[in-house]
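All figures in this text were calculated on a predicted structure; none of them were measured in a lab.
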Amino acid sequence: MFDLNGKRALVTGATQGIGFAVAQVLAGHGAQVYVGGGSDPEKCRRAAAQLPGARPAFCDLALPDCAGRLYAQTGEIDILVLNASIQIRAPWDRITPEQFERQVKVNWQASLALIKAYAPGMQARGWGRILTIGSVQQYKPHPDMLVYAGTKAAQMSMVQNLAKQLASSGVTVNNLSPGVIATPRNQEALADPVYEKRVLSGIPAGYAGQAQDCAGGALLLCSEEGRYITGTDLLIDGGMHL
């Protein structure tokens with residue numbers, strides 16, 4: 001089961017955290033993985049070097065031609081995991097136009113651009129897996145991350161829309177929504193014991209997840225075994241959305 005030999009995958013935002021864990025599990029099951037990064041080319045190369053047969057694919061997803069730049073590095077792929085996102089904390093009445101625009105570009109607009117670049121090839125071959133990484137904030141938005149939560153909700157709507165349109169061609173489109181995961185992004189916030197206690201009190205499981213907790217679900221949704229799952233949102237959040 002979960003044999004990905006012969007499949008090519010691109011995972012954006014894969015230099016650390018959830019993205020790296022997903023890239024690792026796909027590579028571990030035989031996929032040729034492109035490790036996407038957008039902030040530091042050397043960090044991208046180092047992450048790819050840790051995975052068997054992986055290659056770096058570097059591009060800032062805020063660029064208007066990001067999809068073309070990545071496609072030029074990867075060529076056709078079978079599995080597209082859209083993990084990269086920007087999360088800016090600010091009270092709703094202090095969000096600047098620049099903060100709004102950058103989050104929308106990277107978290108939603110780039111996702112559509114990449115799907116437009118890679119989905120036609122998947123359709124032509126009759127097999128493809130598109131997985132977006134959402135957030136529990138689709139259900140419980142953080143008061144200081146209004147735009148981030150909004151982009152994730154918009155992305156989920158896009159998943160449902162495209163899943164219906166692409167299903168007949170053998171391409172599935174799904175979303176995976178992590179809750180509180182102990183990654184570098186959350187490290188500083190969770191280092192505050194008062195804040196950590198407040199956050200964990202809202203998680204029925206009682207603890208923050210690890211990046212690897214998201215990898216198994218991603219593997220299912222990116223494999224042949226997940227062929228009959230499309231348009232869904234898989235929550236991996238210890239029950240936080242309840």
Side-chain angles (χ1 to χ4, degrees), residues 1-38 41 43-61 63 65-85 110-133 158-159 162-163 165-176 211-212 214-230 234:
M1 295 181 69
F2 305 114
D3 181 4
L4 296 178
N5 281 286
K7 303 299 185 186
R8 293 158 59 91
L10 168 62
V11 183
T12 65
T15 61
Q16 62 184 24
I18 294 170
F20 184 79
V22 172
Q24 188 175 43
V25 77
L26 297 181
H29 284 79
Q32 160 71 63
V33 176
Y34 286 90
V35 174
K43 184 177 181 180
C44 189
R45 286 191 287 270
R46 288 197 304 268
Q50 297 178 55
L51 305 178
R55 300 175 185 175
F58 183 79
C59 183
D60 181 355
L61 295 185
L63 295 174
D65 60 344
C66 65
R69 287 175 180 242
L70 280 174
Y71 185 90
Q73 297 175 63
T74 66
E76 293 287 352
I77 61 171
D78 307 289
I79 299 166
L80 176 61
V81 181
L82 298 166
N83 169 72
S85 67
S111 294
L112 177 57
L114 289 166
I115 293 171
K116 288 169 66 176
Y118 290 110
M122 297 178 186
Q123 290 179 283
R125 294 187 298 276
W127 198 97
R129 299 290 180 265
I130 298 171
L131 177 63
T132 60
I133 304 300
M158 179 179 70
V159 164
L162 292 176
Q165 297 187 63
L166 301 181
S168 63
S169 59
V171 179
T172 67
V173 188
N174 290 293
N175 189 68
L176 186 155
Q212 290 75 14
C214 300
L219 176 62
L220 170 63
L221 296 175
C222 291
S223 68
E224 179 62 21
E225 285 72 16
R227 66 176 187 165
Y228 209 51
I229 306 170
T230 197
L234 175 58

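In this structure, Gln24 contributes its side chain and Leu51 its backbone to no donor-acceptor pair below 3.5 Å. Formation of a donor-acceptor pair under 3.5 Å by the Gln123 side chain with backbone atoms of Val171 is not found in this model. Between the side chain of Arg129 and the main chain of Ile79, no donor-acceptor pair closer than 3.5 Å is present. A side-chain donor-acceptor contact under 3.5 Å links Arg8 to the backbone of Thr74. A side-chain donor-acceptor contact under 3.5 Å links Thr12 to the backbone of Asn83. Not one N or O on the side chain of Asn175 forms a donor-acceptor pair closer than 3.5 Å with the backbone of Val159. For Arg45 (side chain) and Pro56 (main-chain N/O), no donor-acceptor pair under 3.5 Å exists by modelled atom type. Side chain of Glu225 to backbone of Leu220: no donor-acceptor contact under 3.5 angstrom is found. The main-chain N or O of Cys44 is never found under 3.5 Å from a side-chain atom of Thr15 such that the two would form a donor-acceptor pair.
Here the shortest heavy-atom pairing between Leu26 and Leu4 reads CD2-CD1, 3.7 Å.
Counting non-hydrogen atoms of other residues, nucleotides and ligands closer than 6.0 Å to CZ of Arg125 gives a total above 12.
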List the steps, then state whether side chain to side chain contact (heavy atoms under 4.5 Å, CB included) holds for Leu80 with Met122.
CA-CA 10 Å; Leu80 176 61; Met122 297 178 186; 3.9 Å; yes

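Ring pair Tyr71/Tyr118 is tilted by interplanar angle, where 30° to 60° counts as tilted.
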